[in-house]
Every structure is written in C-alpha cells, then in structure tokens.
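In the text below, chain A, chain B and the rest are named by the order of the sequence lines, each starting its count at 1. No hydrogens, no waters, no symmetry mates; every other heavy atom, side chains included, goes into these values.
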Amino acid sequence: MLRSPVIIALDWDAFYCSVEEHFNPELRKIAFAVKQKGIICTCNYVARALGVKKLQLLVDALKQFPDLAIVNGEDLSRYRDASKELWYFARDMVWGGKVERLGFDELFLDVTDMIDFNIALLDNLHVPGASSHPVSSFFFRMSKEDPSVGFSCPVLTVAGNLATGSLPGDFRGDNLRLVLGSHLCHYIRSQILDIKGYTSSGGVSINKTLAKMAGASHKPNQQTVLFPEFAQDFLDTYDIGRIPWIGHKSKSIILDAIYKGTDSVNHTMEGARDGTVFNVRHLANKQLFINSLGQSAGDKLWDLLHGVDQTGVQPTPDMPTQISIEDTFKSLTSLIEVHNVLRRLSYSLLDRMYIDLMDSDGGWLGHPQTARLSTRPRSTGYYGSRISRSDSLPSIVFSNSHSRDYIVDYLVDRCWMPLFSKLIGDAKIFDIVLLNVAVINIEKAPAKSSDITSFLGKKKHTDNNQLDGVHREELPVTKRAKVVGEYADSKGPRFNFLGDDEDVIFEEDNYGESCVVCGQRMMSFALEAHMRFHELGD
DNA sequence: CTGGGACCTT
DNA sequence: AAGGTCC
Ligand SMILES: Nc1ccn([C@H]2C[C@H](O)[C@@H](COP(=O)(O)OP(=O)(O)OP(=O)(O)O)O2)c(=O)n1
Ligand SMILES: [Mn+2]
C-alpha cells in the first residue's frame, strides 16, 4: 500500500526580531521593529499587537507609533549565522538529514522514515484481533541505534491545532502517521526552544505546501496538522495569491485568463475578480492553466489548488550556490561614488566567501565561477527591475598569498568597474539606486579530504565542465612574487597561473597567523571568518 | 527611499 | 541576462 510522506514545515517567529532579542533580552519586553533603510522588514509580536505590520513603511509606522523602537537590520550576518545554527540543529534530529531551507527562517523536514520506523514499533504492541492499538502512548525513538533516545508519544491525541478544526474519523494508516508527525513536530520545536531559545510555528501534512500553509494558520509558537481528507476544504477558502508558489504575476495571469474579455475595463481593482481557490477551480481547468502559464508551471499550479505538491524535500547543501551583497541609495551618479561602494561591497563579499566557502583549515570547499554585477536604474521600468552583467570570476580571490586589500582592489578595477561600464553603455551617464555584487555558479571543490587546503584555478564562467582540482602538495612551491603594489601596471600581474608556463605563486611558510583553536596558519584577514567558523561548529 | 537576500526557470 | 518565486 502506498504511504504518504510526512512533512513538517517549521517557521521561526518574527525571526530577525528573535535574533535581536537573543542578543539583547531587554528587547523582549518592548515593541520594536527591524528596519532596512526606509522599510520595516519585521517586528516583534508585542509590536504586532499594537498594529505594526511586517513590511510597513518606516515613516508610516512611526507616524502611527512614535514610540516604536527601531533596530537596524541591514547587515544580515547575525541573522544568517542564527539561521544556519538552527538549520543544522534541526537537521541533526532528522534521519538522513532530509531538511530543505527556504529563506532564512523556514525549514521543510521529511520525517517519513522516522515515522515508518516508529509506526512499526507501535504495531509490535498491537494485540492480534484488537480493533485499535492497545496503548495510549509509546516511546517514539529518535535514534535507530540508541533505544533510549526519544520521547513519550501519545497515539490517541493530536499535538497542537487542527486545520479547519477537523479530526479524521479514524487514527489509522496515513492518519496515524500524521498524528505521530504532530508529536514529533512538537518534540522538535521543544528542543529548538529549550536548547536554542527560539520559538517557532509548525505545520504537519503530506507535502510541503500543505504543511507550510497549515503551519501559517496558527502563529506564533503553535503548530497545526492538516489531514489530507480536509485539504480541499482548507484550500478552497484561500485566495490563490496566498498559495505558496503562486505570486503576483502568476495570479494575475491566471485571473486574466479566466476573466478574459468579460472584465476588460476595470480589473485593475483588486476584489473585482473572485480569486478564491474554490472559484478558480470551478471557472478554470488544467488546460487553461497550461495555456496561460506554460506546460510546466501550469501543471504544477493547477495541482497545487487541489492540494497536490509532488516536489519532495530537496535537502539544502551546506554550501550556497551563490553569494551576493547589495546596498541601495537615493541616487548614485558618479563613477567615483560607484567605485567606493563597490569597494565596500567587495570587502563584505570576500568575508562571506571566507565564512561560507572555506573549511576550518582555510581550504576552499567550493569555487564560484562567475562574477555578476547588478544595478537598478532610478526610474526605468517598473520598480524593482534590475539589469546585470557577468563575467568570469578572477581566480585571485582564491589566493592565500595576497592581502585582502589587494584582492579587493583587483576585483573592483578589473571586474566590477568593467562590468559597470558594460552596464551603463556608451553614454556614460547614469543614475542608479542599487548596486549588487555576486559570485555565482559555485561549484563544489573535489571532495578529496581535508588535505585540500587550496585550489587555484581559472575557468571561463561559461564552461560547465568539472573542476580540475589541484592538491597543494602537488604544486611547485616558489617564493611568492612581490605583487602587492605593482598594480598600476596596465596589464597587471597574471593570476591565471595554472596550466600556464607561469610559476605558482605560493608562500609556504612565514605568512599570516595561527588560529588559537586549531592552530591552522592562515592570512590574518581570513582569521575573523575562520573564528566564526569555529563558533558555528560544523 | 519599497530591504537584502537566495534559488529556479526561461 | 532577464524574470519569477520565496523569505
Ligand atoms: N519580504 C521579506 C520577507 C521576510 N524577510 C525576512 C524578515 C523576517 O524576519 C524573515 C522571516 O520571514 P517571515 O515571513 O517568516 O517573517 P517573520 O519570521 O519575521 O514573522 P512571522 O512570525 O510571521 O513568521 O525574513 C524579509 O526581509 N523580506
Ligand atoms: Mn518566520
């Protein structure tokens, strides 16, 4: 018999605020918001009780609530660190590490295997001929190996809320599996609160979308289970725009297709068109979705309206596939200003690479292939539209023999500024409100072992082949060329020194500092990121 | 002056 | 390279 997956969706409550409260508990008692430039990106529940909204304009909120405390959240470092810590902590509890991350504060846990294993334990308590399980609770094992690790799990009651308030007729089969899932969800949330100090909202159902929507129906610090027999009732009352993966564009396309011709004058008004799942399901059909959205998206979104989500939990790799840093401004019109901003962004970007792409030995776990520069012109197109240019990422960023300052200078002058010129075209006149620097197409380094301390290579960013990794020990070791300061030369030093006749630029000893934790030697500029690596553990 | 991201598809 | 989704 086919069994449904058991999926848990977790969402940390008022996440950025919770992180701020973690480091400054005084904040817990007062209404406060986290802002980025002119917008409140989130606020704590004390503030929400007053009426402060997520994503509200800062000026509006302060007009209405002059005493609202404000914390600047433009630097995401601490939120990213906390997010990673909670992610790893939750992942350690899930067999097979089947955890997918969405943004900084949501996780999808595929706990199907854990449920199946424990259902089998429960079945062994079953008396042949009895109509139901003879026990009201049993010991849910969190470890296959150690039978003492786990929690006491009721089997006749559900933990937390019921979506649509509905209990199924029986607690058998897939329903029983979700009952156990609800208690597992509660246990995991308790661990996260007790050990890490963060409250969360949880949803339990048979796929990611239903679990996520169930969880969102009762916040904060609560959980909700949605049994599949009630999924359609649950969904039908929602506006399609509130279904995950149906954003503004998709909703507009769908409603345009449904109401084509019937409402051509006045569909700019929201509310003129009924966008509930129930209505859309009955006025449209799968073919209409496919015709308007394309085969792939049409198929997928039509299924979603019926509670069908085939996308399983895709475990998120430890290494990101892209890293980007951006800043916004009123207006930027001169090259010197652009140069200065790019410099600052490049320092941050390098630090991020050291934190997220380096192991504790200072070796690279992955290598971005491409550098991308994005900007937003002040007033062309709709708000938010960006333009970008990309090029091969110079391999000097992987060098451990150049100073941070030198690498940043090189990046700005040889990479970002040329890309910026390409972006603004011949006129050389510009007015931009955003700059974003990114390293993308991050490819995993050959997982040889921890003795790969460095990889220095260069590929065209269009090249899709495998990295030809090189062991440090295999490289000819020569005295590092004195390149710092030689940079005024129009050609500059060459950094494409693998597979070329150029000698490898390595300084084997007498460089940098030692890590006080592990003793690894590294350039001083990498030490700060390295220490954060230790703090986060691995 | 409506953040600062990250990921996926076309 | 652009456009879409999510947080
Ligand atoms: N458009 C968005 C949405 C979210 N976030 C950030 C701020 C949030 O703190 C965090 C998590 O997003 P949530 O939507 O889960 O919001 P919160 O966790 O803050 O609140 P809630 O308790 O409703 O989950 O991501 C953001 O910067 N921009
Ligand atoms: Mn949240």
Side-chain angles (χ1 to χ4, degrees), chain A residues 9-16 33-42 53-61 70-80 83-84 87 100-108 201 208-209 212-213 215-216 241-253 293-298 300-301 304 311 314 316-317 319-332 345 348-349 352 356 368 370-376 378-379 381-391 419 422-423 431-442 461-462:
Chain A
L10 296 179
D11 182 328
W12 318 135
D13 297 324
F15 182 55
Y16 290 3
V34 172
K35 73 131 188 175
Q36 290 166 328
K37 300 291 170 19
I39 192 175
I40 284 175
C41 64
T42 193
K53 305 290 194 205
K54 288 196 282 188
L55 304 182
Q56 193 173 21
L57 291 185
L58 184 59
V59 285
D60 291 349
I70 304 296
V71 173
N72 188 307
E74 288 157 26
D75 181 350
L76 302 186
S77 306
R78 290 176 313 151
Y79 312 139
R80 187 182 295 105
S83 169
K84 191 170 173 182
W87 164 35
E100 175 179 345
R101 198 154 74 129
L102 180 59
F104 283 0
D105 91 321
E106 282 190 38
L107 300 176
F108 296 105
S201 296
K208 290 194 294 182
T209 302
K212 176 174 162 60
M213 294 182 70
R242 293 186 56 200
I243 308 282
W245 334 121
I246 304 183
H248 257 104
K249 301 288 183 182
S250 301
K251 174 182 175 178
S252 174
I253 289 170
L293 295 162
Q295 178 68 235
S296 171
K300 185 177 163 183
L301 297 194
L304 278 183
T311 70
Q314 312 288 329
T316 301
M319 229 188 353
T321 63
Q322 60 178 247
I323 297 173
S324 68
I325 305 281
E326 70 187 45
D327 200 0
T328 56
F329 357 83
K330 285 201 280 260
S331 167
L332 224 54
L345 294 179
S348 300
L349 187 64
R352 285 290 315 288
D356 288 344
T370 308
R372 184 186 63 203
L373 179 72
S374 307
T375 188
R376 185 194 298 152
R378 203 140 107 86
S379 71
Y382 70 96
Y383 177 83
S385 89
R386 298 174 177 202
I387 53 176
S388 68
R389 294 293 183 273
S390 53
D391 196 1
L419 285 171
K422 226 196 277 187
L423 265 176
D431 188 354
I432 59 171
V433 298
L434 171 144
L435 277 174
N436 174 302
V437 295
V439 291
I440 64 179
N441 299 334
I442 299 175
H461 72 292
T462 51

Legend entry - Plane angle bin for Tyr79(A) and Tyr16(A) - parallel if under 30°, tilted between 30 and 60°, otherwise perpendicular: parallel
Identify the pairs formed between an N or O of the protein and an N or O of nucleotides 8-10 of chain B at a distance under 3.5 Å, and give each distance.
none

Legend entry - Whole angstrom value for the distance that separates P of dT2(B) from NZ of Lys330(A): 12 Å
Inset, instruction - Would you tell me if any nitrogen or oxygen in the side chain of Thr328(A) comes within less than 4.0 Å of OP1 or OP2 on dC1(B)? - result: no
Legend entry - Short side-chain N/O contact from Arg101(A) to OP1 or OP2 of dA6(B), under 4.0 Å: no
Legend entry - Between P of dC1(B) and CG of Leu58(A), the distance in whole Å: 15 Å
Legend entry - Phosphate contact (dA6(B) OP1 or OP2) by Arg352(A) side-chain N/O below 4.0 Å: yes
Legend entry - Interatomic distance where CG belongs to Leu434(A) and C1' belongs to dT2(B) [whole Å]: 12 Å
Inset, instruction - In whole angstrom, give the distance that lies between atom NZ of Lys37(A) and atom P of dG5(B). - result: 9 Å
Protein-nucleic acid N or O pairs under 3.5 Å, nucleotides 5-7 of chain C:
{"residue": "dT5(C)", "atom": "OP1", "partner": "Lys249(A)", "partner atom": "N", "Å": "3.3"}
{"residue": "dT5(C)", "atom": "OP1", "partner": "Ser250(A)", "partner atom": "N", "Å": "2.9"}
{"residue": "dT5(C)", "atom": "OP1", "partner": "Ser250(A)", "partner atom": "OG", "Å": "3.0"}
{"residue": "dC6(C)", "atom": "OP1", "partner": "Trp245(A)", "partner atom": "N", "Å": "3.0"}
{"residue": "dC6(C)", "atom": "OP1", "partner": "Ile246(A)", "partner atom": "N", "Å": "3.4"}
{"residue": "dC6(C)", "atom": "OP1", "partner": "Ile246(A)", "partner atom": "O", "Å": "3.4"}
{"residue": "dC7(C)", "atom": "OP1", "partner": "Lys212(A)", "partner atom": "NZ", "Å": "2.5"}
{"residue": "dC7(C)", "atom": "O3'", "partner": "Asp105(A)", "partner atom": "OD1", "Å": "3.0"}
{"residue": "dC7(C)", "atom": "O3'", "partner": "Glu106(A)", "partner atom": "OE2", "Å": "3.4"}

Legend entry - Separation of atom CZ in Arg80(A) from atom C1' in dG4(B), rounded to whole Å: 9 Å
Legend entry - Atom pair distance, as rounded to whole Å: CD1 in Ile325(A) and P in dG4(B): 11 Å
Legend entry - Under 4.0 angstrom between Tyr382(A) side-chain N/O and dG4(C) OP1 or OP2: yes
Inset, instruction - Ignoring the backbone of Asp327(A), work out which of dA1(C), dG4(B), dG3(B) is nearest its side chain. - result: dG4(B)
Legend entry - Lys/Arg-Asp/Glu bridge criterion (N-O < 4.0 Å) met for Arg386(A), Glu326(A): yes
